[in-house]
Every structure is written in structure tokens, then in C-alpha cells.
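Here is how names work: the chains are called A, B, and so on, in the same order as the sequence lines, proteins then strands, and each is numbered from 1. Note that these values count all heavy atoms, side chains included, but never hydrogens, waters or copies made by symmetry.
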Amino acid sequence: MNLDALNDVQREAVLYDNGPQLVFAGAGSGKTRVITTKIAYLVAQKGLRPWEIMALTFTNKAAREMRERVEKLCGLEVESMWIGTFHSICLRLLRRYSAELPWPSSFVIYDDSDQEKMVVQTMRELDLDTKRFNPRSFQHFINSAKHFARSAEDRELVNDEPLNGKMRQVYRRYTEKMVSAGAMDFGDLIFQLLRLIEQNEGVRRELQSRWRYLLVDEFQDTNVVQYLLIRQLAAHHQICVVGDDDQSIYRWRGASIENIYRFEVDFPNTAVFKLEQNYRSTQTILDAANAVIVKNPQRADKRLWTENQRGQKIRYERTLTERHEADFVASEVLKLKRTFDYPLSEIAIFYRTNAQSRVLEDALRAKNLPYVVVGGFKFYERAEIKDLMAYLKVAVNPRDDVNLLRVINTPPRGIGKTTLDRLTTYQAANDVCLYDAIVATIPVESRRKTQKALSDVRRLIDELHSQYTELNALRMTELVLDRTEYVEYLKREDTIEAESRVENVHELLNACSEFVRVASDPSAAGFLDQIALESDIDQLDEPLEMVTMMTIHSSKGLEFGAVFLIGMEDGLFPHFNSKEREALEEERRLCYVAFTRARERLFITNARSRRRFNGPPVVNPPSPFLDDVPRELLDTDAFMNMPSQRQRQFSSSMPNHVARVPRDALRPGSHADDESQLVAEERGDVGPLGRAIDGGRGETDRFGREIDRSEAQIHDEHSIDRRFAGATSAESAGSFEIGATVYHTKFGKGVVQHASGVGPFSRITVRFPNHGVRKIVAKFLQPM
DNA sequence: GGAAGCTACATTTTT
DNA sequence: TGTAGCTTCC
């Protein structure tokens with residue numbers, strides 16, 4: 001076992017095994033190296049057997065990496081190690097002990113939207129108007145109760161909330177319905193296992209003696225229920241938790257930063273280790289990150305340092321609108337690629353909210369820069385995929401009312417509102433699941449057509465259910481497609497959207513066959529489990545030659561050579577929903593996480609005026625976090641935009657910097673240059689935007705932010721973009737010119753015949769040599 | 001029963 | 001901007 005590659009603290013942390021251990025691991029301090037080396041050491045030197053070790057992570061990606069690195073380190077058989085996410089390991093144990101649970105062993109996992117539907121059904125059943133009371137607040141109540149390990153009967157749940165009584169009532173009934181539907185939500189996976197351990201002595205003894213060493217990664221993001229679970233599992237054995245209180249960013253999901261402070265109290269004689277040397281970032285980036293995070297009170301005392309070079313200054317750019325911001329980013333990306341031969345896989349763009357990715361995508365596409373967006377609109381949340389997954393869930397578990405309800409008339413088979421109402425009434429009266437209600441109603445159904453439809457559905461469910469243990473996930477999905485004629489149903493729509501839906505179905509089949517190829521349990525049930533617990537970040541495996549775009553939350557644990565952090569505006573980041581002190585501190589940590597992802601280069605941008613949804617453009621001052629970054633670390637000529645917090649108001653005397661061509665974009669010959677110059681010149685005609693913003697002073701929107709009332713002018717700016725975008729960004733505005741040659745991934749080259757509307761979703765009529773004339777949504781076309 | 005068309009509504013981060 | 005849910009019409 002070679003420990004030479006470790007620094008002193010790292011080595012001590014690896015070797016220590018004399019009681020509870022808490023490792024503070026700053027960003028880029030070699031945390032994963034310590035954990036994996038420790039695991040390898042335990043097996044190779046300390047004689048632990050692989051299955052006596054459990055390591056808990058938050059993402060499958062982290063778990064996979066850990067497994068691979070341990071294997072590489074010691075060449076040991078790691079298959080039998082319990083390395084996985086909290087949720088997947090809990091699920092595995094719940095399935096194993098399902099006989100001890102009120103749930104059937106074939107229970108399915110409800111995602112957020114399934115859960116919301118169940119909440120709505122419960123509320124309706126209890127005569128709560130879902131218009132007057134937001135089901136989501138009830139859903140939130142249930143989830144946070146579970147984060148705190150509280151059941152509906154728990155006295156601790158009582159508080160002064162006016163709705164508290166109703167919420168408890170819904171929670172209780174919801175739980176009953178979940179049990180009889182054979183469904184667990186995310187919270188249940190942890191909470192129900194904890195309850196089982198607490199209440200069932202046999203299970204408790206077995207689990208407490210099963211593992212000799214428990215390691216927990218990202219400990220700062222555990223919530224109370226996870227903490228309690230850890231405490232149970234580690235009751236008689238060694239525990240090592242690794243985390244960084246400065247990177248705790250999941251408070252809203254119940255994560256309790258206190259866990260990391262409380263650990264030493266609950267586990268007496270804890271040895272504390274601090275990994276403070278950073279191997280990732282330049283001195284400049286670290287200085288900036290430290291300057292931001294140090295403003296948070298109540299952190300564990302530590303300071304990240306590095307022996308790395310000072311590096312480049314942080315590039316800060318304040319642009320006119322979010323479009324200009326996106327164009328700036330795209331130009332800089334292009335420059336990194338062309339001038340410095342930077343691999344695109346080393347470039348990432350981070351934003352606070354998913355909605356910000358859209359403009360950016362347009363800008364990147366305009367410059368033909370390939371990109372991937374992590375998260376956002378998820379594949380498995382698309383209607384057609386959810387439909388098919390719903391069929392699989394019902395096949396595994398016909399009692400799953402939420403999913404049966406989803407597909408009972410998809411494709412339409414003549415079971416409409418009237419019939420459904422009758423079924424629901426029957427259910428309420430007899431307290432049975434929907435499937436049983438169907439079975440019971442068929443003989444007494446008077447309308448022949450409906451009767452046939454119902455017995456067809458019943459036969460379909462029976463057939464699927466009878467096959468789910470026989471066929472693998474791929475064959476099952478094919479069976480569903482065959483019996484429901486789902487693809488034919490999609491094609492019947494005959495719209496452009498239908499086309500991409502059919503492609504998504506094929507994509508699902510691909511996912512199935514890949515799953516069947518590699519999974520140890522290739523059943524449909526196994527597939528459903530994996531999908532339920534798979535996150536978007538997990539998909540990000542091999543580095544692709546593409547720019548990666550994601551939220552800051554998703555970026556945690558990753559690193560890139562160059563990072564663009566966009567939307568650094570007060571109100572957006574920190575987000576206006578994060579006003580209270582704790583939330584604001586978390587925003588600050590989020591900023592720290594974002595900065596410390598970058599190895600060499602960090603770009604920070606914001607826009608003076610931003611359009612959200614349909615609302616008016618809103619003027620946002622720069623993020624207050626920027627004030628905390630020492631100016632000498634910044635490379636910018638936007639200082640004039642960074643007055644101190646108190647006097648941060650836009651003044652009419654502000655120079656016309658908005659018309660400025662990005663300083664180092666003035667090399668002749670590139671697209672970016674021509675474009676920005678044109679835009680800049682045009683803006684000169686329009687006049688300084690300072691005036692426009694003055695006009696808006698005093699008016700605020702519902703979030704207390706300044707509204708830019710000079711919409712006409714902003715509008716001008718937007719149309720300038722469009723007029724001068726030229727060939728490079730034609731499709732970002734969706735304004736394809738008639739006669740232009742375009743490219744479609746499926747139909748190949750074509751010529752634009754007609755265009756209606758503007759924007760990525762406008763319809764463009766294109767003549768393809770081999771596929772005739774077709775209407776295509778603009779975003780699927782590339783200019784040539 | 002079901003398609004189409006309308007309105008209202010909500011939008012932070014996600015295992 | 002997208003969609004969920006409602007109404008209207010066939």
C-alpha cells in the first residue's frame with residue numbers, strides 16, 4: 001500500500017482508525033483520494049472484508065467513481081462492497097426486508113410528480129379544495145416531515161400553523177394510500193428504513209453487526225433522517241464522515257449543516273482532520289473564493305491554500321441584456337478554443353436557475369459550439385416516457401393507482417370522465433384500488449362499449465403483470481409498445497412534436513437494451529428502480545468534446561479548466577427567494593462552490609437588464625458577492641458598474657460603456673468581432689442605455705426589484721441583435737431567410753421555403769431533396 | 001367520449 | 001414559456 005502520494009494530513013486521515021473520525025475536506029483538497037485510499041487500506045492492511053465496508057454518497061456518479069478508484073488502488077474485488085447513494089442502499093435494504101414492512105415487496109418508487117398526484121388525490125378524498133390550498137405546500141409538508149424523521153402521528157409535528165391540522169390529516173391519509181398503492185416516495189426510502197431499524201429488533205441487530213466500517217461522503221448535505229440512520233448503522237462500529245460545511249447547499253432539501261457541527265458531540269472522542277491544501281485552482285481563484293466565504297459567520301475554522309500559480313485574473317463582464325451576456329460567453333468560449341486550443345470538455349457554464357440555459361444554448365448554437373445541458377428538461381419527465389414508465393410500473397404493481405390512472409386512457413380507448421368518476425366512486429365506497437374497481441365494475445357496466453374498453457384494459461394489465469418477472473426490461477417495454485400500439489398513437493398526431501416523441505421512445509428502447517446488457521437484475525422492476533434513483537449528473541460520464549452547462553448545484557464535486565459563472569446579479573444570485581439569513585448564507589456557499597470548480601480560468605458575467613418569462617425586463621444590480629472579491633483579482637473595465645453596495649444605483653452620468661466592444665475581442669477576422677462591432681455601432685445610434693434605465697427608476701416589481709419601463713428601448717436592443725446577427729446567429733432568433741441552406745440531423749440538407757414566427761420554436765418550411773417539403777421547428781435546424 | 005381551444009398560473013436549486 | 005385544467009363543441 002503506497003501512501004507516498006498523500007500529504008501529511010491526508011495520510012493521517014487514511015491511517016486513523018481509533019474511533020469516530022470527522023474529516024473537513026475543502027474544495028479540491030483530495031477528498032476522494034483520501035476516502036478511496038482509506039477503503040483500500042482497510043481491506044489490504046487491516047484485514048477487513050469488502051462486504052464489511054459501507055460508503056454512502058449522494059450521487060451514483062460519486063459512488064461509481066469511488067468504486068473504480070478503489071479497484072484501481074488495490075486491485076481488489078469491490079463488487080461486494082456496499083458503495084452507493086443513500087437512496088439506493090436504503091432501497092436495497094428495504095427490498096431485502098420487505099417482509100417486515102407493510103408495503104408489498106414489489107413496491108414502486110414515486111417521483112415528484114407521482115407524489116404530487118397522490119397528494120392531490122388524497123386532498124380531494126378529504127374534501128380539500130386543491131384550488132384554494134396548494135397541493136405543493138402539502139407535498140412540501142410531507143417531505144420535510146420525513147426529512148426530520150417524523151410521522152403523521154408524531155407529536156413534534158404539531159405547531160401553530162393554521163393549516164397544520166389539515167396537513168397532518170393529509171399526511172396520514174397519504175401514507176395509508178401509499179401503502180395500499182404499493183408505492184414509496186423518495187423520503188420513504190430513508191425514513192422507512194430508519195423506522196424499521198428502530199422498531200424491529202431483529203433487523204436492527206442484523207444491520208448493526210453487518211458492517212465494520214461506515215464512511216459518509218458529503219456529510220454536510222445529510223439531513224436529519226440520514227443522520228439518524230447513520231447513527232444507527234454505526235452504533236457498534238467505526239465511522240468516518242467527510243464533508244465541508246462551506247459546501248452545504250441543500251438546505252432546502254432538508255440538509256442540516258448542523259449535522260457536521262453536531263457530530264463531535266454525538267460521537268465522543270471524535271478525531272478531527274482538516275484538509276486545507278487545494279490542488280485544483282490558481283491562487284487567484286482561491287483568493288476570490290476565500291474572500292467570499294469568509295463573510296459567513298459560524299463556519300468551522302479553516303482556510304484553503306495552494307502552492308499553485310497565481311494564474312490569470314478573473315474576467316468580469318457586465319453586459320446589456322441576457323442575450324449580450326450569452327453572446328459574450330459564446331465568443332469567449334470560441335476564443336478559448338481557437339486561440340488557446342482549449343478543449344471544450346474543459347469548459348463549463350454555470351447558472352443559478354435552469355431557465356437561464358436557454359439563451360445560452362441559442363448563443364452557442366449560433367457559433368456552432370457543441371454543448372450538453374445537464375439537468376433541466378429531463379428525459380424521463382417527458383410525457384411519452386412517463387406514459388411508458390407508467391405502464392411498466394403498473395405491470396410490476398397493478399395496485400399503483402397514480403400510474404394506472406395515467407395510462408388507463410392512453411392511447412384513448414373510450415374510458416372517459418364519466419367512467420372514471422364511476423370507478424372513483426366505487427373505490428371510495430369499497431376502499432379498493434383502481435384495478436380492483438375495474439374488475440368489479442366490468443360485469444355491472446351497462447354500456448357495451450365501455451364494458452369492452454374496461455375488460456380490454458384489464459386483460460392488458462393482466463398480461464403485462466403475468467410477464468414482468470419473465471421478460472427483461474427491454475422485452476417488457478416492447479410488449480407494452482406492441483399491445484398498446486403506442487407509437488402508432490403518437491404518429492397519428494402527425495405533428496412535428498410527434499416526430500420527436502417517437503424518437504424519444506426509440507431512445508427509451510436504447511436505454512432499456514443498454515440496461516439489460518449491463519445490469520445484474522435486468523428486469524423491468526430493476527430498470528424502474530435505477531431510473532428512479534438516477535440523477536442527471538450521473539449521466540455525465542465520459543468527458544465529451546462539448547461545453548457543459550449546468551446549475552451550480554449540479555456542479556458540486558466537479559472541476560473544469562475554465563468556468564463561466566453567469567447571471568451574477570442581485571436577485572438572481574443570490575436568488576430573491578433567499579432573503580432570510582440562513583438562505584443567504586447558503587447562496588454564499590453556492591458562490592464558493594461555483595468559484596472553486598475552476599482550475600485555471602474563471603469568467604463572471606451579469607446582465608443589466610434581464611427578461612424573465614413574459615414579464616418586463618428587470619434591472620438588476622451586480623451581485624453583492626462581487627463586492628467581496630478584491631478588485632485586484634478582477635480583469636474588467638466594468639468597475640464603474642460596481643459601486644459600493646450603498647450607492648448602487650444606476651446614474652445617468654454613466655459612460656456609454658454598453659456600446660463598448662469587448663476589449664480583447666478586437667482581433668479582426670473572427671465572427672465574434674464583426675458581430676460585436678456591428679452591435680456596438682448600432683447601439684451608439686440608439687444612445688446610452690443609462691437614459692433608459694433612469695426612466696425606470698422608482699418602479700419596482702413584486703420582488704422589489706427595479707423594473708425597466710423603457711421597454712421600447714430594450715426592445716430595440718433585442719431587435720438590433722436580430723437584424724445584425726447575420727449568418728452566425730440567424731437561427732438563434734429563428735429568423736431563417738428564404739432560400740438559405742439549412743441542415744437537419746435526420747433529413748440532411750434542405751432549402752428554406754417559408755418561415756412563420758420568430759424564435760427557436762418557430763416553424764420553418766424546408767424543402768429536402770430526398771424527403772420533400774416539411775415543416776420543422778427552428779431549433780432542430782442548423783444554418784449552413 | 002374526446003379534441004380543440006381557452007385561461008390561469010407558476011417558475012430555485014433535486015436525491 | 002409551457003402546461004394543467006377547464007369549457008366548448010362535435
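Residues passing the side chain to side chain contact (heavy atoms under 4.5 Å, CB included) test with A/T175 are A/Y171, sequence neighbours excluded. For A/A383, the side chain to side chain contact (heavy atoms under 4.5 Å, CB included) partners two or more places apart in sequence, or in a different chain, are A/R406. A search for side chain to side chain contact (heavy atoms under 4.5 Å, CB included) contacts involving A/E361 returns A/S357, A/R365, A/Y371, A/V373, A/M549, not counting sequence neighbours. Remark: A/A532 pairs with A/I109 by the side chain to side chain contact (heavy atoms under 4.5 Å, CB included) rule, at least two apart or across chains.
Phosphate contact (OP1/OP2 of B/dT14, side-chain N/O of A/S554, threshold under 4.0 Å): present. The phosphate of C/dG2 has OP1 or OP2 within less than 4.0 Å of a side-chain N or O from A/R358. The side chain of A/R136 places an N or O atom within less than 4.0 Å of a non-bridging phosphate oxygen (OP1 or OP2) of B/dT11. The phosphate of B/dT14 has OP1 or OP2 within less than 4.0 Å of a side-chain N or O from A/T551. Taking only side-chain nitrogens and oxygens, A/N354 comes nearer than 4.0 Å to OP1 or OP2 of B/dT14.
Within the structure, every pair that satisfies the salt bridge (charged side-chain N to carboxylate O under 4.0 Å, His left out) test and touches residues 107-122 of chain A, not counting sequence neighbours, is listed here: A/D111-A/K386, A/D114-A/K386, A/D114-A/K393, A/E116-A/R136.
Put simply, A/W252 does not rest on the base of B/dT12: the two rings are not both less than 5.5 Å apart at their centres and under 30° in tilt. Residue A/H575 and nucleotide B/dT12 are classified as a stacked aromatic pair, their ring centres being separated by less than 5.5 Å at an interplanar angle below 30°.
Taking the side chain as every heavy atom from C-beta outward, A/L405 and A/Q121 approach each other to under 4.5 Å.
Counting any heavy atom pair closer than 4.0 Å across all strands shown, A/F58 reaches sugar-phosphate atoms only and no base atom.
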Please write out the pairs of protein N or O atoms and N or O atoms of nucleotides 1-5 of chain B separated by less than 3.5 Å, giving the distance to one decimal.
| residue | atom | partner | partner atom | Å |
| --- | --- | --- | --- | --- |
| B/dG1 | OP1 | A/T419 | OG1 | 2.9 |
| B/dG1 | OP1 | A/R447 | NH1 | 2.9 |
| B/dG1 | OP2 | A/T418 | N | 2.9 |
| B/dG1 | OP2 | A/T418 | OG1 | 2.3 |
| B/dG2 | OP1 | A/G414 | N | 2.7 |
| B/dG2 | OP2 | A/N409 | ND2 | 3.0 |

